[in-house]
There are 2 protein chains.
Amino acid sequence: MTDRYKNLFSTLDQSALSRADKVHLRDQNLALLLRKIWAGHETTRATLARQTGLSRSSVSSLVDHLIDMRLVEERGEGISTGGRKPTILRFNYQSKFILGLDIGASHLGAIIIDLNGQVISWRQEPAPVRLQPAQSLHQLNRLIQEILDESITNRDQLLGVGIAVPSPISPQNPQYLSPTFMPTWRDINLIESISIPDNIPLLIDNDANVGALAEVWWGAGQGCNQLAFIKLGTGVGAGFIIDGKVFRGHGGSAGELGHMVIDPEGPTCVCGLQGCLVTFVGSQPILKHAQKLGLEHQKITDLLSALKEGDPIARDVISSVAKSLGLAVAGLMNMMNPERVILGGDLALAGDSLLHPLRECVQTRSLWSAISNSNIVTSTLGEQVIALGAATSILQRTLTQPNQVFTQWRG
Amino acid sequence: MTDRYKNLFSTLDQSALSRADKVHLRDQNLALLLRKIWAGHETTRATLARQTGLSRSSVSSLVDHLIDMRLVEERGEGISTGGRKPTILRFNYQSKFILGLDIGASHLGAIIIDLNGQVISWRQEPAPVRLQPAQSLHQLNRLIQEILDESITNRDQLLGVGIAVPSPISPQNPQYLSPTFMPTWRDINLIESISIPDNIPLLIDNDANVGALAEVWWGAGQGCNQLAFIKLGTGVGAGFIIDGKVFRGHGGSAGELGHMVIDPEGPTCVCGLQGCLVTFVGSQPILKHAQKLGLEHQKITDLLSALKEGDPIARDVISSVAKSLGLAVAGLMNMMNPERVILGGDLALAGDSLLHPLRECVQTRSLWSAISNSNIVTSTLGEQVIALGAATSILQRTLTQPNQVFTQWRG
DNA sequence: AGACTTTGTTTTTTTATCAAACAAAGTATT
DNA sequence: AATACTTTGTTTGATAAAAAAACAAAGTCT
């Protein structure tokens, strides 16, 4: 393994390992306080001590460390509650910035966020990703230069880069895409193809996975311990968050909802199977279905405009989509019993027109106990969700293992 | 919350909490050593120091503590490897025993194991659990007395009691069964109905969940990080293990594979839905199906005997079952990408007659990436698996949080 | 004005680990 | 057989981190 890979976070879940590893107490407490301050926006040393159970003296010492790292600042005094006025501690959300890249089947997106998830800069453009990898990578590297030049004065401010790809990612080889879904990308090493300095941490993950992460951090999934994010686009994929972490399955391909078999006698899918969900609710099949019924559109968004204007054909098409999707979602809920299911992608913009028939279908196909405490909603993060999630994966690592992340710059 | 519930382990996954909690370093290292000694059967202080990275002096001190707790013993001297002979440390597997209870839809089972999973005693008998809770509880309490009297001289030797039930369990109210599946058990408080002294830890969980646990500890799932256990019996349920822990979903009802809709136009199920998997592969529907084709049996095991003798009707029935089951398993694998799927219950005794057509069906319904590193096998633990798993849940808690478990007896 | 509170720091104590020294008991070499 | 080296496990002192206690600062409440 070359030096280039030192900064690549393993996508492997490390809980199994860290359990067997020696614990570095101070690092853990440092991360614990960092998360509390991050989540609280403003707090005080005394409050932190009460919340964490650490002593006031330990908290003082640890907070000093965080201030030295420039992640936390003192911001004047707060209001007395019957004694000395506390010193307000504030997370320094603008001390670093994160780049998130969204490599879609037919588009590229790039976002810069601060440590509070605020969007500093955002760009998106069409690109022939699936068919022309070389050209797309060139385009992507230009996009990266542009957005960095625009938003960041000093490269030291770049905390890391998260990359989302439209393919399952194997934990062992995150730099290569799946030959099944992206045949033209075979043998292309994504890490080496991207022009980011060697000492900047990189993280590659599946688009639906990071979409789920974005929703639980910033969107409709806040506060959920178990959630599923379904990305409805050219393809259909799901990402799962379980107890704050992305669930990837054994080979990294968990969440392949798009290739659940809905109709064993259905049409043949690009993956080779028959009657996959994506052959009913992928963008292309939907548009074709509408076309057959006499409604011609090139984009899902155009179809949805027609829907809003009350077009009965569009309505029928969407409700037929809801029924197919409902079968898969019902299966998902029976199987995994998530707290919330969040629909994302172009199609989710249909809102209630999609949700109402979908919920109805799910109700007739799921156990009461599996859905009684659950709900299905649409994403609130729009087209940025994937790029945002990619960036969030870097932020998550920073807040859980700050010292590991920050030594990247020291070495 | 009364004292009675102090000893009831929450079935809630505590990882989210413990992350936010202060770390008790010595407790963690104690548990770490305990697990290493447990897994190694026999080891030495020097070996432990090398394996864990702890210093020899720390190991010595911690091991002394474990010896005081009577969990570990010194067992003479080992062979020299060029220097002083090491002292052999041996896990004291017989220092405590665990009671596991299997409350099935129509049977009761009770098992006593030592800390190495060795079965000390095992009983099983039919019982009208689903329809007559009061009588069944009476029967169960008699069974508990009998098996304890038979195997355990001193009640101090009982480390805890694990209970498996044929119903989803809500993490908030583990003592009540689901009214949907066990309507006659409504308002019955399971914890208070079982005659076990108040100071003995109890753990209630769903049968498929603990079945999965048994397989990963003692059976066909050893070494797996992600596995699914499918219990094929009167009902059909799945249990998931993710990174060593049972995955329960938000409301505790993850794994309801039996109520995945296989055929939207299929027969109505007891749960109220239509075409559930269980209406095709539950014991009763299978026997009825065979009956229709002219093969009359009262039990699945009888049907399987016929199968072994080459009965073509039995063969057809099983392969039809495999096809239905295959649809659900394929969905499971696409969605969760487990390393291994293990079939348990009476039907799993069919072995290859079931596995071959099942694997074939799954292959034509699952993505290559979701199944290429996975396999489907049958359980190796037989009819004890559920009771064994219930007991194992207590063992797991003991080995991960020994101090928490043992203070139960000191208080 | 005086008593009590709350906060944050400083000092001291406690806890847990580690490193080094050491004793015990072996093997390998000459 | 004597000596040198190894390995193990304990003991002793050093170090790191946290907690407890004491304290100073700055408030509120009566």
Side-chain angles (χ1 to χ4, degrees), chain A residues 18-34 36-37 40 42-69 72-90 401-403, chain B residues 18 20-34 36-37 40 42-69 72-90 401-403 407:
Chain A
S18 65
R19 259 181 151 195
D21 258 1
K22 228 174 18 174
V23 173
H24 296 269
L25 194 49
R26 194 166 173 94
D27 282 0
Q28 283 206 205
N29 284 335
L30 200 73
L32 175 60
L33 286 184
L34 188 65
K36 291 276 181 197
I37 300 173
E42 289 197 343
T43 185
T44 70
R45 290 175 175 84
T47 307
L48 287 171
R50 277 189 297 266
Q51 283 180 348
T52 59
L54 292 165
S55 67
R56 288 209 307 276
S57 43
S58 298
V59 169
S60 265
S61 157
L62 289 162
V63 165
D64 284 351
H65 192 342
L66 291 174
I67 290 175
D68 284 348
M69 291 170 88
V72 172
E73 292 175 327
E74 293 190 336
R75 281 284 198 174
E77 298 179 325
I79 302 154
S80 163
T81 58
R84 174 175 169 177
K85 286 193 285 192
T87 311
I88 300 293
L89 299 173
R90 192 178 157 284
Q401 302 169 358
N403 270 340
Chain B
S18 67
D21 256 1
K22 220 172 28 170
V23 173
H24 295 270
L25 194 49
R26 194 169 171 91
D27 282 0
Q28 280 203 208
N29 284 335
L30 199 75
L32 175 62
L33 286 183
L34 188 65
K36 290 276 180 197
I37 300 172
E42 287 197 345
T43 184
T44 70
R45 290 174 176 83
T47 308
L48 287 171
R50 279 189 295 267
Q51 283 180 348
T52 59
L54 292 165
S55 67
R56 289 210 306 277
S57 40
S58 297
V59 169
S60 265
S61 157
L62 289 162
V63 165
D64 283 352
H65 192 342
L66 292 173
I67 290 174
D68 284 347
M69 292 168 86
V72 172
E73 290 175 328
E74 294 191 336
R75 280 286 198 174
E77 297 177 326
I79 302 153
S80 164
T81 58
R84 174 175 169 177
K85 285 192 284 192
T87 311
I88 299 292
L89 299 173
R90 191 178 158 284
Q401 303 169 356
N403 268 341
T407 47

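First the proteins, then the strands, lettered A, B, ... as listed; each starts at 1. The analysis underlying the following values was restricted to heavy atoms, covering all of them including side chains, and did not include hydrogens, waters or symmetry mates.
- Every residue meeting the side-chain hydrogen bond (donor to acceptor under 3.5 Å, both in side chains) condition with A:Arg45, not counting sequence neighbours, appears here in chain and number order: A:Glu74.
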With B for base contact, S for sugar-phosphate-only contact and - for none (protein heavy atoms under 4.0 Å), nucleotides 24-30 of chain D reads BBBBS--
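- Residues satisfying the salt bridge (charged side-chain N to carboxylate O under 4.0 Å, His left out) test with B:Arg90, not counting sequence neighbours, are B:Glu73.
- Remark: A:Asp27 engages A:Asn403 in a side-chain hydrogen bond (donor to acceptor under 3.5 Å, both in side chains) (not counting sequence neighbours).
- Evaluated for a side-chain contact (heavy atoms from CB on, under 4.5 Å) with A:Thr44, the options A:Thr87, A:Leu89, A:Ile88 yield exactly one hit, A:Ile88.
- Distances shorter than 4.0 Å separate none of the side-chain N or O atoms of B:Arg45 from OP1 or OP2 on D:dT7.
- As a whole-Å value, the separation of A:Leu48 CG from C:dT7 P is 11 Å.
- Rounded to an integer number of Å, the gap from NE2 of B:His24 to C1' of C:dT17 is 17 Å.
- Residues meeting the side-chain contact (heavy atoms from CB on, under 4.5 Å) test with B:Arg56, sequence neighbours left out: B:Ala49.
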A correct 5'-to-3' footprint of nucleotides 11-23 of chain D, with B, S and - meaning base, sugar-phosphate only and no protein heavy atom under 4.0 Å, is B-----SSBB---
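- Applying the side-chain hydrogen bond (donor to acceptor under 3.5 Å, both in side chains) test to A:Arg26 and every residue at least two apart in sequence or in another chain returns A:Ser61.
- Qualifying side-chain contact (heavy atoms from CB on, under 4.5 Å) partners for A:Leu66, counting only residues two or more places apart in sequence or in other chains: A:Leu30, A:Leu33, A:Leu34, A:Ile37, A:Met69, A:Val72.
- B:Arg50 has its CZ atom 16 Å from the P atom of C:dC18, to the nearest Å.
- If you take CD of B:Glu74 and P of D:dT8, they are 15 Å apart, rounded to a whole angstrom.
- Atom C1' of nucleotide C:dG8 and atom CG of A:Leu89 are separated by 11 Å, given to the nearest angstrom.
- Annotation: side-chain hydrogen bond (donor to acceptor under 3.5 Å, both in side chains) contacts of A:Ser55 (sequence neighbours excluded): A:Ser57, A:Ser58.
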